[in-house]
Amino acid sequence: MEIHVLVKQTYDPNTLEPNPKTLEPIYERAQTKLSDFDLNALEEGIRMKENFKGRVVVISAGPDVKPLLIREALAMGADEAYVVSDKRLEHADGWVYANVLASLSRTVGNADLILCGECSVDEGGYQVGPRVAEKLGLPSVTHVIRIHAEQEGLRVERDLEEGREVLDVKLPIVLTVGLEINTPRLPSLLMIRAASKKPINSVPLESLGLDENELRPRVVCASVRALKVERKRVVISGSLDEAAEKLLSELVREGLVRI
Amino acid sequence: MLSGPFRENFVLMPEGTDLLMYTVLVPFAAVFIYGVYLRFRGYGVSNLLRDFVAAPRSRITSLLRYAWLQRKVTLDRASGLMHIPLMYGALVLFIGTALVFIDHDILSFFNEKLLRGPFYLIYEVTLDLFGLLFIIGVSLAILRRVRGLKRLREKNEYYAYLGGLLFIGVSGYLLEALRLHVRPVEWGGYSFVGWTVAGYLDYLPMGPELATGIYQVTWWAHALITFGLVAYLPYSNMLHVFISPLNTMISQIRVSSMTTPFNLAELPPDATELRMGIRTVSDLSWRQRLSLDACTDCGRCDVQCPALAAGTNLSPRMVVQKLKSAVWNYDVGRTENVDFFESGVLTEEEIWACTTCGACVEACPVLIRPLEFIIESRRSIVMGGITDQKITATLTNISRYQNPHGYPQSQREALVRELRELGVRTVEEVDDFEYLYWLGCMSSFDPKAKEIALRMARLMIKAGVKFAIMPVESCTGDPARRMGEEGRYQELALSNIETFKRYGVRKVVTHCPHCFNVIKNEYAELGIELEVVHHSELLAELRSQGKIKPIEGKLTTFHDSCYMSRVNGVTEEPRRALEGVRLVEMRRNRTNSFCCGAGGGNYWYEVRRRRRESHERLEEGLSTGAEVMIVECPFCLAMFEDAARSMGVEGKIEIKDLSEVFE
């Protein structure tokens with residue numbers, strides 16, 4: 001089975017801090033990592049490979065893809081990586097990424113299964129999976145939390161707000177997975193180092209044959225700012241009854257409670 | 001014809017009994033020898049010899065101390081009282097029997113006789129005396145089982161063996177008594193036990209024929225059971241009579257020393273052939289195999305194990321026993337070289353439950369190191385890619401954020417700012433510092449530990465200690481190492497070592513015992529020798545110089561951290577620092593301290609348990625009547641504060657760091 005896993009490198013939200021004045025994130029001080037959801041997708045792909053044989057290919061694109069992080073993905077058990085690293089993807093949105101990743105996947109070969117996280121930890125757009133499927137003319141199932149291999153195709157469970165949906169699907173297909181699907185394995189440092197033997201293929205953006213339209217973001221981000229929550233620091237004193245009374249009237253005055 | 005006292009061999013037995021006996025002995029001896037061969041094939045006799053030749057002096061010292069003098073066995077008085085008579089009784093009886101063999105089967109060819117005259121009389125008295133000791137020892141051992149000493153596992157095999165030993169002892173005396181009854185000799189009184197029993201036999205209505213008949217039956221029973229037990233020995237726990245003494249020779253005494261399977265700095269960047277840890281029998285070294293065979297299943301490690309007390313799945317004794325069986329099953333061809341985890345020999349859960357406190361190593365009377373097997377198992381789990389979410393997160397945090405909690409480094413800035421306000425400088429800014437004050441992750445990120453670090457800094461300033469701090473501090477790597485992730489440990493350690501060298505650090509005072517241990521003992525292997533003191537040691541020194549003094553008052557108890565007490569033997573310094581404070585000791589103190597439950601990475605992940613180590617320990621603290629429990633480790637502090645909150649005893653006992661006692 002040929003499995004392609006789409007993996008995004010994102011800022012680590014834990015290390016993103018706002019500039020105290022402008023409230024804009026200080027990107028230079030932030031670290032990058034592989035998006036959590038995509039690691040779940042990768043883990044699922046590797047487990048399928050372990051059970052049914054085949055090959056797992058990591059497909060990644062971004063403005064500055066770090067080989068070390070790709071190596072972590074390979075260390076988990078993927079066989080090979082194809083990477084487009086191009087400054088022009090700096091402001092890419094779901095549309096642009098889907099175009100790039102779909103073309104890249106097609107360049108690598110016809111996948112039986114394309115896996116990716118249902119969204120990324122930095123933008124959370126939920127766009128790329130279904131768009132890639134559309135672009136490749138494949139069906140897609142989103143929010144997958146369980147995958148069973150069946151005689152023909154797969155049985156997948158979706159986690160929806162109103163319940164679980166179980167679908168029998170045929171390959172080839174694109175599946176986007178949630179965090180619940182598994183716990184991604186952590187490769188040891190030695191495994192990461194040993195993975196340097198596995199190939200990381202760098203693919204130039206031009207070679208994908210995408211036109212200007214396909215590379216023009218549909219969404220333009222105007223600005224990103226941290227929410228600033230000022231605490232009111234009100235101390236209410238008095239006996240329990242008095243204090244409760246005062247608290248209530250305070251909450252009513254703030255419009256948080258209606259009587 | 002001999003005159004005077006001498007040993008009559010095969011008396012009351014028909015002619016030719018000796019030949020018959022040796023014929024019967026052959027198959028038993030063969031079984032015994034085959035068993036010993038199987039065991040020693042696993043260790044390699046040449047390995048043992050090489051190891052001995054490498055350091056004969058220390059090997060012999062260790063043998064004397066731990067095998068002959070039973071220094072660790074006797075740490076548990078009752079065990080010593082059982083084991084020493086049993087062991088020396090058996091040994092002397094064995095030597096006695098060997099002398100008979102020499103006398104009857106070797107010297108007789110030369111018409112010589114050893115067992116005669118005064119020597120024979122001494123022989124008789126000695127054997128009767130040690131026979132008694134032997135019976136006392138065996139009886140105590142049986143009694144301890146019958147009365148249900150909890151740590152002893154109920155196994156028929158053990159009862160059978162002890163029963164057999166008791167029979168050998170008792171029937172030995174019976175034989176002696178019957179012999180003296182039927183054929184009294186002048187010097188019979190020297191066999192004082194047999195002589196006394198023979199005196200009672202005279203009251204029985206038993207003619208010489210009947211007595212001789214009983215004698216012959218008992219004689220064969222005595223011989224056959226002895227042969228049987230000897231044959232069974234290498235296949236049973238009694239194997240320990242050979243292997244445990246050997247283990248005391250090859251084992252290391254230090255509680256928590258770890259092997260370093262590679263050096264990251266020298267490793268080719270794409271080394272793929274590296275195996276680490278133990279996952280199959282073939283991963284075990286000859287030392288480890290021998291060590292496993294030394295286990296007597298006494299369970300003294302279990303008694304001390306905090307993870308077991310907390311009701312996790314871990315039992316250090318069972319880790320050793322299970323591995324021991326796995327090795328045996330493999331050696332006799334019962335199993336393939338199977339994966340311990342896949343075949344169910346070990347479970348990942350039990351392996352992760354260990355707090356690496358070292359109590360099992362400290363407790364083992366024959367110097368087995370259960371902790372080593374646990375850490376090596378962790379290493380093999382890590383090599384295969386960990387899938388536990390919290391363990392994964394902790395290790396990811398260590399490498400991504402350089403601290404196991406996962407806080408961004410910027411969160412440490414508040415502490416650095418406040419230290420600066422006190423006048424503390426970083427190693428970048430000054431170079432006339434004596435100590436680097438290594439704060440550790442708890443001081444950096446835990447609000448309470450941060451206040452304590454500030455207090456310690458104030459004490460040092462007041463006492464005129466010249467110290468500086470790191471502008472940025474990375475984890476020492478210790479949690480990664482104890483969790484089996486040697487690679488990530490070395491990555492951090494090597495980078496820290498480089499930083500220490502860059503800033504000319506020579507002396508370090510650490511707040512945390514875990515930082516202390518790894519920087520002091522384990523960084524050396526990776527290329528830096530530093531003088532490292534723990535804040536408790538520094539406080540003791542400042543106290544003795546009269547530079548600081550403790551606030552006296554409330555009744556106080558002191559909780560020894562595992563890594564200062566057991567692992568590094570530092571137990572008196574904190575007590576010296578506390579001199580003048582009303583101190584009451586807990587039952588388990590100093591190197592017998594009981595872990596708070598946070599060690600070995602357990603602070604950051606969770607395994608199934610019935611209760612918490614910290615609760616058990618805090619209860620012990622409360623039972624002393626102390627109003628204050630002093631700790632020397634920020635993790636102990638956090639664990640006990642948490643325990644006090646969830647047990648609802650915050651008003652009864654205060655948890656304080658040692659530095660908080662001083663002004």
Side-chain angles (χ1 to χ4, degrees), chain A residues 9-20 25-36 39-40 42-44 46-47 49-50 56 66-69 71-78 121 179-200 226, chain B residues 261-277 348 378-403 405-411 413 472 477 480-481 483-495 605:
Chain A
Q9 288 188 9
T10 67
Y11 285 112
D12 178 348
N14 276 353
T15 59
L16 268 183
E17 282 182 38
N19 179 318
I26 312 169
Y27 291 113
E28 310 80 66
R29 282 183 61 175
Q31 299 181 30
T32 50
K33 66 171 191 174
L34 299 178
S35 177
D36 296 8
L39 288 180
N40 291 92
L42 183 56
E43 173 68 30
E44 203 60 24
I46 293 163
R47 287 187 193 181
K49 172 187 137 181
E50 283 168 353
V56 173
K66 303 232 173 9
L68 186 69
L69 289 176
R71 218 194 285 164
E72 275 181 33
L74 293 172
M76 282 173 69
V121 287
L179 294 175
E180 308 91 320
I181 195 165
N182 57 39
T183 307
R185 71 194 69 187
L186 178 74
S188 70
L189 188 88
L190 291 183
M191 288 159 80
I192 296 171
R193 286 164 62 110
S196 63
K197 281 192 175 158
K198 292 182 178 177
I200 301 177
Chain B
F262 58 85
N263 184 327
L264 201 61
E266 292 156 12
L267 202 67
D270 55 352
T272 43
E273 294 309 308
L274 208 72
R275 266 186 92 84
M276 199 171 50
E348 290 199 8
R378 286 185 176 183
R379 284 179 166 173
S380 76
I381 296 172
V382 170
M383 282 303 278
I386 312 161
T387 48
D388 180 277
Q389 205 162 9
K390 285 197 166 160
I391 295 167
T392 300
T394 307
L395 289 173
T396 308
N397 287 339
I398 292 173
S399 45
R400 188 173 297 152
Y401 310 112
Q402 286 81 49
N403 72 81
H405 311 273
Y407 291 112
Q409 280 294 335
S410 58
Q411 292 237 346
E413 284 160 12
V472 179
R481 184 162 223 222
M483 288 164 78
E485 176 39 317
E486 185 71 11
R488 281 180 167 88
Y489 155 67
Q490 288 197 15
E491 192 177 45
L492 285 162
L494 289 167
S495 125
Y605 61 79

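Computation of the quantities below employed the complete heavy-atom set of this structure, encompassing side-chain atoms and omitting hydrogens, waters and symmetry-equivalent molecules. Proteins come first, then strands; the chains are lettered A, B, ... in the order of their sequence lines, and each starts at number 1.
- Side-chain contact annotation: A:Glu17 with B:Ser410, donor-acceptor N/O pair under 3.5 Å present.
- Between the CD1 atom in B:Ile398 and the CD atom in B:Glu491 there is a gap of 11.0 Å [rounded to 0.5 Å].
- B:Phe262 touches chain A through its side chain: at least one heavy atom from C-beta onward sits under 4.5 Å away, while N, CA, C and O do not.
- Between the CG atom of A:Asn40 and the CD atom of A:Glu180 there is a distance of 8.5 Å, given to the nearest 0.5 Å.
- Of the residues listed (A:Thr10, A:Asp12, A:Leu69), the one engaging A:Thr32 in a side-chain contact (heavy atoms from CB on, under 4.5 Å) is A:Leu69, and it is the only one.
- When B:Gly484, B:Ser399, B:Ala393, B:Gly487 are compared by the number of non-hydrogen pairs under 4.5 Å with chain A, B:Gly487 comes out ahead.
- For B:Glu485, the part lying near chain A is the side chain, with the backbone staying farther off; criterion is any non-hydrogen pair under 4.5 Å.
- For chain A, the option among B:Leu267, B:Val382, B:Thr392, B:Ile391 with the highest count of heavy-atom pairs below 4.5 Å is B:Thr392.
- Of the atoms belonging to A:Asn182, not a single heavy atom falls under 4.5 Å from chain B.
- With hydrogens and angles ignored, the 3.5 Å screen pairs a side-chain donor or acceptor of A:Ser35 with a backbone N or O of A:Val121.
- Among A:Arg29, A:Met76, A:Glu43, the residue with the largest count of heavy-atom pairs under 4.5 Å with chain B is A:Arg29.
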